[in-house]
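Here the structure comes first, spelled out in structure tokens, and everything after it is commentary.
Below, chains carry the letters A, B, ... as their sequence lines are ordered, and counting in each starts from 1.
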Amino acid sequence: MEDSLTNFFEEYMGKESIFLDRKAVQSGFTPTNIPHRIEQINSLAGILAPALKGERPSNVFIYGKTGTGKTLVTKYVTENMANISLKNSLNLKVFYINCKIGNKADTEYRLFAQLCKEFGFADLPDTGLPTDVIVDKFKHLLEEKKVILIIILDEVDELVRKIGASILYKLPRLNADLKESEISLIGISNDLTFLDNIDPRARSSLSEEEMVFPPYNALQLQNILRERANIAFRKNVIDNGVIEKCAAHAAKEHGDARRALDLLRVAAELAERQNQTKIMITNIDDAEDKIDRDKIFDSIKTQPKQHKLTLFSIFEACSESSDRSVFTGEIYNKYIQYCSKVAAAPLTQRRVSDIIAELDMQGIINAKVMSRGRGGRTRKISLAMPSQSVPKLIELLKEGLNL
DNA sequence: CACCGTTCAGTTGAACTAAGCAACGGAATTCGG
DNA sequence: GAATTCCGTTGCTTAGTTCAACTGAACGGTGGA
């Protein structure tokens, strides 16, 4: 047994990897060259440039669908600026904050706590302090450091949906109290309609400048993929048509470059695991399945207990029902049953209703409010994943819940 | 048949509560001199 | 007598609860053609 494991590792070490530098196809990689976004880079740079002269740049609001390079371009431009400011010892700082729910910056308190943390002020309690205290602390730090601060709020739409738009004019208004420092905001949103239905005051303060990132088309995606593939892989490990297929797949889904890169990376990983020397077209289909599965697995694994319980009830109810969709009432009944089974205190229907809405937001299920005439009003809930992965997910949940 | 009030089964918003935490300030304890 | 520890109080955040208003299409009854 041990021998075979040793053999495996030795064999693995001796084998030529397909990868040269895996990082280049992983998320979070900032390439030195960003194709097809020159226009956006230039205009963002133009907007932010005054910061280098000690002036407060306009607030910017950036929107575009996922994987259109919003975060990448913003990071690229601001990192460059930060470097220049470092070289010329200017007082420019850039904080990047992801406001995705569950990302510890999803309330006003936590947002400011996170900002303080960025300043290196780490030991703030999770709860117990008044929010004002934290805000004051943050102002203090700002005044102390005397900086032009650019705050990037990624996925602001989620933050605003959770705590309201007030935060959007609260932040810029801090400038009025600051003598030595200034803040400007970059808001990034996936939701194109986000600006339409928020308070006009917040809107005007956030979107002094607006930028739209259009989706990539298939050809542009191919360029992006080739560029990254050159860094990431050995020469000649990509079979003909692989890049094209990745690009085509991702282009179908609103030109999502991240998706395209994920596809390529996972396809390569699968190829490597199967001892292939080349990435084949067939690997891509497998990769697509795997990505969808993994994404759902991950997000389900990290759900809080009550959410898991609710989700489990939904799974069970859906797989029993004929058209694979159910209404809130049935789910709540099931949920109550399972609660007593695992000896958990059941939540009220009010809360479960909210949980269902949250699960919908995260794309794990589809829930649509509908009126059934005299049948009342309810959510029609169905699963957002291919049915073949459901049994595995049920197993996963059972394990997590000790059912 | 068209129109209209009723009804159902939740949805949704707002106010409230419990749990867990931090800070504050005064009381109790410790301790070295 | 000063320093430290302890403890109760107050006030905060956050997740969840309670209360109640609101929703919107189908149902079923009414009146008009």
Can you tell me how far [atom2] of [N] sits from [atom1] of [X], to the nearest Å?
{"X": "A:Arg161", "N": "B:dT12", "atom1": "CZ", "atom2": "C1'", "answer": "16 Å"}
{"X": "A:Lys368", "N": "C:dA25", "atom1": "NZ", "atom2": "C1'", "answer": "13 Å"}
{"X": "A:Glu358", "N": "B:dT12", "atom1": "CD", "atom2": "P", "answer": "13 Å"}
{"X": "A:Gln306", "N": "C:dG16", "atom1": "CD", "atom2": "P", "answer": "7 Å"}
{"X": "A:Ile355", "N": "C:dA15", "atom1": "CD1", "atom2": "P", "answer": "11 Å"}
{"X": "A:Asp354", "N": "B:dA14", "atom1": "CG", "atom2": "P", "answer": "13 Å"}
{"X": "A:Leu359", "N": "B:dT11", "atom1": "CG", "atom2": "P", "answer": "13 Å"}
{"X": "A:Ile134", "N": "C:dC12", "atom1": "CD1", "atom2": "C1'", "answer": "11 Å"}

Given B:dC8, is OP1 or OP2 found less than 4.0 Å from the side-chain N or O atoms of A:Thr378?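 No, no such contact exists.
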
Taking only side-chain N and O atoms of A:Ser353, does any of them lie within less than 4.0 angstrom of OP1 or OP2 on B:dT11?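 A:Ser353 to B:dT11 OP1/OP2: side-chain N or O found under 4.0 Å.
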
With a 4.0 Å heavy-atom cut-off, tell me which residues in residues 311-321 of chain A come close to DNA chain C, sorted by residue number.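 When residues 311-321 of chain A is checked for heavy atoms under 4.0 Å from DNA chain C, there are no hits whatsoever.
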
Which of residues 323-339 of chain A sit near DNA chain C, with a heavy atom under 4.0 Å from it?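 Per residue number, the list is empty: none.
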
Where is the tightest heavy-atom contact between A:Glu155 and A:Asn190, given as atom of each residue plus distance?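 Looking at all heavy atoms of both residues, the shortest contact is OE1-ND2, 3.7 Å.
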
A:Phe19 and A:Phe233 aromatic ring geometry - parallel, tilted or perpendicular at 30°/60° bounds: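 Tilted: the ring planes of A:Phe233 and A:Phe19 meet at 30° to 60°.
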
Angle class for the A:Phe138/A:Phe119 ring planes (parallel below 30°, perpendicular above 60°, tilted otherwise)?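 Because their plane-to-plane angle lies in the 30° to 60° range, the rings of A:Phe138 and A:Phe119 count as tilted.
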
Check this for me: [X], atom [atom1], are more than 12 non-hydrogen atoms of other residues, nucleotides or ligands nearer than 6.0 Å?
{"X": "A:Lys278", "atom1": "NZ", "result": "yes"}
{"X": "A:Asp126", "atom1": "CG", "result": "no"}
{"X": "A:His140", "atom1": "NE2", "result": "no"}
{"X": "A:Asn240", "atom1": "CG", "result": "no"}
{"X": "A:Lys93", "atom1": "NZ", "result": "no"}

Quick check on DNA chain B: between A:Arg374 and A:Arg379, whose nearest nucleotide comes earlier from the 5' end?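 Final value for this comparison: A:Arg374.
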
Test log, rule side chain to side chain contact (heavy atoms under 4.5 Å, CB included), inputs A:Leu261 and A:Leu225: CA-CA 7 Å; A:Leu261 286 164; A:Leu225 285 171; 3.8 Å; yes

Closer than 4.0 angstrom, basic N to acidic O: yes or no for A:Arg259 and A:Asp292?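 Result for this pair is yes, salt bridge flagged.
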
Considering only NZ, NE, NH1 and NH2 on the basic side and carboxylate oxygens on the acidic side, decide whether A:Arg161 and A:Asp191 come within less than 4.0 Å.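 Answer for the salt bridge query: yes.
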
Can you tabulate the close N/O pairs, meaning under 3.5 Å, that link protein atoms to atoms of nucleotides 18-23 of chain C?
| residue | atom | partner | partner atom | Å |
| --- | --- | --- | --- | --- |
| C:dT23 | O2 | A:Arg377 | NE | 3.0 |

Pull out every protein N or O sitting under 3.5 Å from an N or O of nucleotides 22-25 of chain B, one pair per line with the distance.
none

Can you tell me how far apart CD1 (A:Ile148) and CD (A:Glu55) are? Round to the nearest 0.5 Å.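 The CD1 atom of A:Ile148 sits 8.0 Å away from the CD atom of A:Glu55.
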
In chain order, what residues pass the side-chain contact (heavy atoms from CB on, under 4.5 Å) check against A:Val135, with sequence neighbours excluded?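 Here the qualifying residues are A:Phe112, A:Thr131, A:Lys139, A:Leu174.
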
Applying ring pair (Phe, Tyr, Trp, His ring centres under 6.0 Å), name anything that partners A:Tyr76, two or more places apart in sequence or on another chain.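 In terms of ring pair (Phe, Tyr, Trp, His ring centres under 6.0 Å), with neighbours along the sequence ignored, A:Tyr76 is linked to no residue.
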
Among B:dT11, C:dT14, C:dT13, the nucleotide that comes nearest once only the side chain of A:Val369 is considered: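 The answer is B:dT11, which lies nearest to the side chain.
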
